[in-house]
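Lettering of chains follows the sequences in order, A, B, ..., and the numbering in each one begins at 1.
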Protein chains: 2
Amino acid sequence: MSVAIENFVKAIYKNNSNDVKNTKPGNIAKLLGISNAAATDMAKNLANKNLLNYEKYKALELTKAGEKLALNVIRKHRLWEAFLHKTFDMSLHEIHREAEFLEHETSNFLANKISTYLGNPKFDPHGDPIPNANGEITTIDTSISLSNTKEGKNYTISRLMSDDKEFFDFCGLNGLKYGNTVLVTKQFSKNKMTQISINNNTILLNEDFTNIIYVNEIK
Amino acid sequence: MSVAIENFVKAIYKNNSNDVKNTKPGNIAKLLGISNAAATDMAKNLANKNLLNYEKYKALELTKAGEKLALNVIRKHRLWEAFLHKTFDMSLHEIHREAEFLEHETSNFLANKISTYLGNPKFDPHGDPIPNANGEITTIDTSISLSNTKEGKNYTISRLMSDDKEFFDFCGLNGLKYGNTVLVTKQFSKNKMTQISINNNTILLNEDFTNIIYVNEIK
DNA sequence: AAAAATATTTAAGTAAGCTTAAAAAAATAT
DNA sequence: ATATTTTTTTAAGCTTACTTAAATATTTTT
């Protein structure tokens, strides 16, 4: 399958795991930076290839085959991220940028080699789950966003849901890393801000960031 | 630059390092498995982009920019080969197949990371020289093909010039590997065959193979 | 429920990278 | 030196993945 097709099914799949699902062509177009017309064209094309179900004016729905393709691309993306992070000590932003291209040009054979080499990890350095070779993925996610945490409790960081360089730079500088521990010291609910303590530093985060940082309570 | 363009300049560059140089569009077309017409089209296109000089019915000549692009792609290809061979213990054929795709989707940033990680090697596992980040390549090659060796002398294998799976499988089975030592026990010049001794085994090679195995005499 | 705003689809067109078939030039053989 | 063969180029056409503009359907607002 072409890069365009792989990115299209990937965008639909990822959109479906968002809170606000909108898999109509226009929204996928916005995510991919192409015109609505191009997305409609592509949707018809992929329906012909049995990768999705297309009905005029309706939301796009991946078929089993379409979902499998999307998961295979996501698997390669996240394996590359884990591998590059470990091997070359590249930042969360750098590994994402590189994996965005490598994911389309990696054989299943090599993906399996990478996975074995890493000990078949279930999560990448952002905390995102890595689908296995059969397209099975860990979807049960009991973690909550930092916005919904309680004052005085300790949490471990389980997921950094972003593609943004500035966010990752900020995280890198402040020790906000997959697996690390934070203490929520104050919730400013009116101003939608959260104060946390990490590595003996106190930092104040606004909603933009607390919404995409996921954590698990330490009991 | 697109994959098609990168492969085109790479094919011209590689053809120029062959014994029999023929960089007219038809020959490049044959190497790439495309039609002559497509190669002529592409040649005009690349001339517009200042990657090569094109004159009707004449051989194609890479410009400095074209050569630099070709060397950059070859650098990435050979770095990936070296890396995959070392890290995942993949065969010479497997690394070539994988690198053929990865070479086009690797940033200079990552290529440099790989190079540093490997200790900036000058040769890949086939013995082919790896261009450095400035596009400089070791071209002085004092090695000779096994066909031109002398009976009773010892040689180290310096290069396996092929893309062929069967050849690499044969090499793998018989210890014919970059850096290994062979003793030439007999040259059957009439039948164009060479008998060698390696790892206490005696094997007889025909011209097809001895022409693409390059060695250096041990004095 | 109708009007206004928004989203989707259709239509027409473009560029890249190919194809085949025919025409033209160059290389080779006699 | 000419005829034959081979190679290169031109011409016309195809597919993929886009674009913009216009038409049409849906959704939201009032």
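Candidate nucleotides C:dC18, D:dT20, D:dA17 were compared by shortest atom distance to the side chain of A:A4, and D:dA17 ranks first.
Each of B:K49 and B:G33 has a nearest nucleotide on DNA chain C; the 5'-most of these lies closest to B:K49.
Rounded to whole Å, atom P of C:dA16 lies 11 Å from atom CG of B:L46. Between the C1' atom of D:dT15 and the CG atom of A:N45 lies a distance of 10 Å, rounded to the nearest Å. The nearest whole Å value for the distance from the CG atom in A:N7 to the C1' atom in D:dC18 is 14 Å. Going from atom CG of A:L32 over to atom P of D:dT16 covers 18 Å, rounded to whole Å. Between A:I28 atom CD1 and C:dT9 atom P the separation is 12 Å, expressed in whole Å. Nucleotide D:dT16 holds its P atom 10 Å from the CG atom of A:N48, rounded to whole Å. Per the geometry, CZ belonging to A:F8 stands 11 Å off P belonging to D:dA17, to the nearest Å.
Checking the phosphate oxygens (OP1, OP2) of C:dT20, no side-chain nitrogen or oxygen of B:S35 falls inside 4.0 Å.
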Enumerate all atom pairs, one protein N or O and one N or O from nucleotides 6-13 of chain D, separated by less than 3.5 Å.
from   : atom 1 : to    : atom 2 : distance (Å)
D:dT8  : OP2    : B:G26 : N      : 3.1
D:dT9  : OP1    : B:Y54 : OH     : 2.6
D:dT9  : OP1    : B:Y57 : N      : 2.7
D:dT9  : OP2    : B:T40 : OG1    : 3.0
D:dT9  : O5'    : B:Y54 : OH     : 3.4
D:dT10 : OP1    : B:K56 : NZ     : 3.1
D:dT10 : OP2    : B:K44 : NZ     : 2.2

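Rounded to the nearest 0.5 angstrom, B:L110 CG and A:E98 CD are separated by 4.5 Å.
Ring-plane geometry between B:F167 and B:F209 is classed as perpendicular, the angle between the planes exceeding 60 degrees on a 0 to 90 degree scale with a lower cut at 30. Aromatic ring orientation, A:Y178 versus A:F123: tilted (interplanar angle from 30° to 60°). In this pair, B:W80 and A:W80 present their aromatic rings perpendicular. The plane angle is above 60°, beyond the 30 to 60° band.
Taking a pair to require two hydrogen-bonding distances under 3.5 Å in either a Watson-Crick or a G-U wobble arrangement, C:dA3 pairs with D:dT28.
Between the side chain of B:N174 and the main chain of B:L176, no donor-acceptor pair closer than 3.5 Å is present.
For A:S115, the side chain to side chain donor-acceptor pair (under 3.5 Å) test picks out A:N120, with sequence neighbours left out.
Exactly one residue among A:N211, A:V215, A:T210 makes a side-chain contact (heavy atoms from CB on, under 4.5 Å) with A:I213. That residue is A:V215.
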